[in-house]
Amino acid sequence: MADSSFPLLTLAAAVPAVGAIATAAVPAARRELAKVLALGVSLATLVLAAVIAIRFDPGGDRFQLTESRAWIADFGVRYELGVDGIAVALVALTALLVPFVILAGWRDADPAGGAAADTQSRWRPTQGFFALILAVEAMVIISFLATDVFLFYIFFEAMLIPLYFLIGGFGDKAHEHGEEEAARQRSYAAVKFLLYNLAGGLIMLAAVIGLYAATSDQLGEGTFSLQAILEARGNGELELSTNTERLLFLGFFFAFAVKAPLWPLHTWLPNAMGESTPPVAVLITAVVDKVGTFAMLRFCLGLFPEASDWATPLVLVLALVSILYGALLAIGQRDIKRLIAYASISHFGFIILGIFAMTSQGHSGATLYMVNHGISTALLMLVAGFLISRRGSRLIADYGGVQKVAPVLAGTFLIGGLATLSLPGLAPFVSEFLVLVGTFSRYPVIGIIATVGIVLAAIYVLVLYQRTMTGPVADKVAKLPDLRVREVLVAAPLVALLIGLGVYPEPLTEIVNPAVEHTMSDVDKSDPEPDVNPVEAAHE
């Protein structure tokens with residue numbers, strides 16, 4: 001079952017890529033057709049992701065449904081795709097969220113004046129908006145599937161281009177300083193996003209070239225194939241020197257830490273999320289940023305186990321700072337979207353903490369956290385976007401008493417908030433619990449301090465809800481409509497997923513855990529033995 005005669009993985013990435021081109025080509029006057037086409041393509045991609053999940057055998061080979069073809073043979077570059085349990089989960093998350101992103105942003109790129117405005121113009125902002133979303137989806141999916149390091153690098157960098165235009169060209173319309181200042185802020189956020197991520201990518205490129213040179217020196221032929229490198233290292237044919245491995249690790253890790261985003265490389269995220277439309281903000285933090293943490297598991301730990309162990313103390317401290325720093329700044333925010341952005345920085349700190357705890361519980365928890373954070377942040381940000389579009393303001397102080405005039409909106413907002421603070425019974429609780437248990441078993445002091453992040457999360461979520469949804473009804477809130485049918489279709493499935501995976505996470509853990517075992521084997525780690533035998537302790 002390892003190999004697939006039918007290129008299912010290629011198809012999963014090709015469908016949104018071709019759909020992006022087709023959507024962009026829709027005539028200017030047929031905006032609604034472009035939207036329907038984009039939604040249909042995203043649903044077709046979701047079906048393909050479901051087929052991949054069904055065909056994946058958790059008890060089978062590490063990489064399954066593999067595809068391998070020569071690409072740039074002179075430089076050892078191959079078109080190699082494959083999925084393990086972690087990739088299956090994240091491909092499914094991506095394919096699941098994009099239809100909701102498209103539905104939530106249904107009117108975000110319409111020209112001013114409504115659906116009938118400017119129908120004779122050649123300018124197609126609506127078509128461009130949805131085409132760019134599909135392009136990002138295609139590039140993210142192939143990044144999760146790539147098992148050739150160079151192939152991964154190409155799409156890791158290429159996804160920056162459509163995101164740059166989504167941030168800079170289709171920004172949030174709810175800006176308190178007017179359109180001119182809003183355009184300036186969008187441009188600043190887009191350029192900052194691009195420069196930070198390009199800097200990380202250029203450093204990674206140097207490390208990718210270094211990896212090729214190292215494999216060429218020891219194997220006689222350079223390769224970028226992850227599977228070939230893992231096999232050669234397992235057979236003792238490839239042994240990097242300590243300094244070489246550590247330098248290569250730092251090159252890869254820096255790029256992934258920017259994307260993740262890890263403190264102190266995080267500062268682009270609040271700007272990018274704050275100035276984007278809410279659906280694009282979801283695309284950034286719930287989908288794209290997961291490529292960074294996924295790559296830490298697949299490439300940093302897989303390719304450079306000794307260097308990963310060497311860097312663990314520093315990375316754990318940075319992750320801990322991210323948890324506390326992000327949560328503290330979220331508490332002090334006046335802007336709803338920036339609050340959610342800083343909360344995400346805190347959550348990514350938990351994910352990275354779980355990865356570098358080097359325990360099976362930590363790795364399982366980190367992978368589940370990627371999925372559950374994507375769902376919970378999507379719900380919270382999209383519902384916040386529905387609220388902001390009604391009131392025309394992102395400022396928390398401009399709200400109050402929303403639950404009295406829009407109870408369904410307030411209720412879904414509350415569920416998203418409770419999931420963000422990892423309330424037991426909702427999906428993020430399981431992942432956060434596993435991360436903390438896995439961290440505590442090897443690094444008890446770090447694990448104990450990290451729990452402060454849970455308390456801080458309760459503060460910023462409940463204060464946000466209290467200030468926006470309860471109390472007297474603000475003047476400009478009194479006539480806000482409740483969620484419409486399209487918006488309910490976005491929110492209800494996400495709520496159901498948060499509850500379902502919170503009560504019964506086993507479908508995810510069954511897929512993820514075998515991949516976690518392989519990763520633990522890569523870094524030659526086993527879970528710490530408990531200091532006290534519970535059976536003996538009970539007899540005493």
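All of these numbers come straight from a predicted model, not from anything done at the bench.
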Salt bridge (charged side-chain N to carboxylate O under 4.0 Å, His left out) partners of residues 502-519, not counting sequence neighbours, each pair once:
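Matches after skipping sequence neighbours: none remain.
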
So [Y] and [X], do their side chains get closer than 4.5 Å, heavy atoms only?
{"X": "L145", "Y": "F155", "value": "no"}
{"X": "L160", "Y": "F193", "value": "yes"}
{"X": "L103", "Y": "L382", "value": "no"}
{"X": "Y164", "Y": "N197", "value": "no"}
{"X": "L39", "Y": "P99", "value": "yes"}
{"X": "E432", "Y": "I454", "value": "yes"}
{"X": "V461", "Y": "L380", "value": "no"}
{"X": "V83", "Y": "F63", "value": "no"}

When you measure from the side chain of [X] to the backbone N and O of [Y], does any donor-acceptor pair fall under 3.5 Å?
{"X": "Y399", "Y": "S393", "result": "yes"}
{"X": "T359", "Y": "G438", "result": "yes"}
{"X": "S376", "Y": "H373", "result": "yes"}
{"X": "S346", "Y": "Y342", "result": "no"}
{"X": "R62", "Y": "Q227", "result": "no"}
{"X": "S322", "Y": "W263", "result": "yes"}
{"X": "R338", "Y": "Q333", "result": "no"}
{"X": "S187", "Y": "R184", "result": "no"}
{"X": "T377", "Y": "G374", "result": "no"}
{"X": "E80", "Y": "S225", "result": "no"}

Rounded to the nearest 0.5 Å, what separation is found between the [atom1] atom of [X] and the [atom2] atom of [Y]?
{"X": "H363", "Y": "T519", "atom1": "NE2", "atom2": "OG1", "value": "6.5 Å"}
{"X": "L339", "Y": "M381", "atom1": "CG", "atom2": "CE", "value": "9.5 Å"}
{"X": "M139", "Y": "I154", "atom1": "CE", "atom2": "CD1", "value": "11.0 Å"}
{"X": "F254", "Y": "I203", "atom1": "CZ", "atom2": "CD1", "value": "4.0 Å"}
{"X": "L90", "Y": "T367", "atom1": "CG", "atom2": "OG1", "value": "7.0 Å"}
{"X": "L324", "Y": "L329", "atom1": "CG", "atom2": "CG", "value": "11.5 Å"}

Would you name the heavy atoms of [X] and [Y] that are closest together and state the gap between them?
{"X": "L48", "Y": "A12", "answer": "CD1-CA, 3.9 Å"}
{"X": "A17", "Y": "A138", "answer": "N-CB, 3.6 Å"}
{"X": "G200", "Y": "A255", "answer": "O-CB, 3.2 Å"}
{"X": "L65", "Y": "L9", "answer": "O-CD1, 3.1 Å"}
{"X": "A450", "Y": "L353", "answer": "CB-CD2, 3.8 Å"}
{"X": "I352", "Y": "A260", "answer": "CD1-CB, 4.0 Å"}

Verdict with reasoning, F253 to L262, per side chain to side chain contact (heavy atoms under 4.5 Å, CB included)
CA-CA 10 Å; F253 181 79; L262 177 68; 3.8 Å; yes

So does Y465 have more than 12 non-hydrogen atoms from other groups sitting under 6.0 Å from OH?
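Above 12, so yes.
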
Return yes if a side-chain donor-acceptor contact under 3.5 Å exists between T267 and Y196, otherwise no.
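A donor-acceptor contact under 3.5 Å links the two side chains.
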
Report the relative orientation of the aromatic rings in Y369 and H347; use parallel for angles under 30°, tilted for 30 to 60°, perpendicular for over 60°.
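Y369 and H347: tilted rings.
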
Given K259 and E157, is the salt bridge (charged side-chain N to carboxylate O under 4.0 Å, His left out) satisfied, shown in steps?
CA-CA 10 Å; K259 186 86 78 180; E157 288 292 274; 5.3 Å; no

I would like to know whether L211 and I229 meet side chain to side chain contact (heavy atoms under 4.5 Å, CB included); could you show each step before the answer?
CA-CA 10 Å; L211 178 65; I229 293 171; 3.9 Å; yes

Side chain to side chain contact (heavy atoms under 4.5 Å, CB included) for V208 and F252? Distances and angles first, verdict last.
CA-CA 8 Å; V208 169; F252 277 75; 3.8 Å; yes

Candidate pair I141 and T45, rule side chain to side chain contact (heavy atoms under 4.5 Å, CB included), full reasoning:
CA-CA 10 Å; I141 287 176; T45 307; 3.7 Å; yes

Go through the steps for Y325 and H266 under the test ring pair (Phe, Tyr, Trp, His ring centres under 6.0 Å), then give the verdict.
CA-CA 11 Å; Y325 171 89; H266 67 284; 5.0 Å; yes

Among L501, L508, V435, I351, find the one that has a side-chain contact (heavy atoms from CB on, under 4.5 Å) with L368.
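Looking at L501, L508, V435, I351, the match for L368 under the side-chain contact (heavy atoms from CB on, under 4.5 Å) is L508.
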
Residues 292-305, side-chain donor-acceptor partners within the protein, below 3.5 Å, at least two apart:
from, atom 1, to, atom 2, distance (Å)
T293, OG1, K290, O, 3.2
R298, NH1, F144, O, 3.1
R298, NH1, A146, O, 3.1
R298, NH2, D84, OD1, 3.3

F256: which of F348, F156, F249 passes ring pair (Phe, Tyr, Trp, His ring centres under 6.0 Å):
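Answer after filtering F348, F156, F249: F156.
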
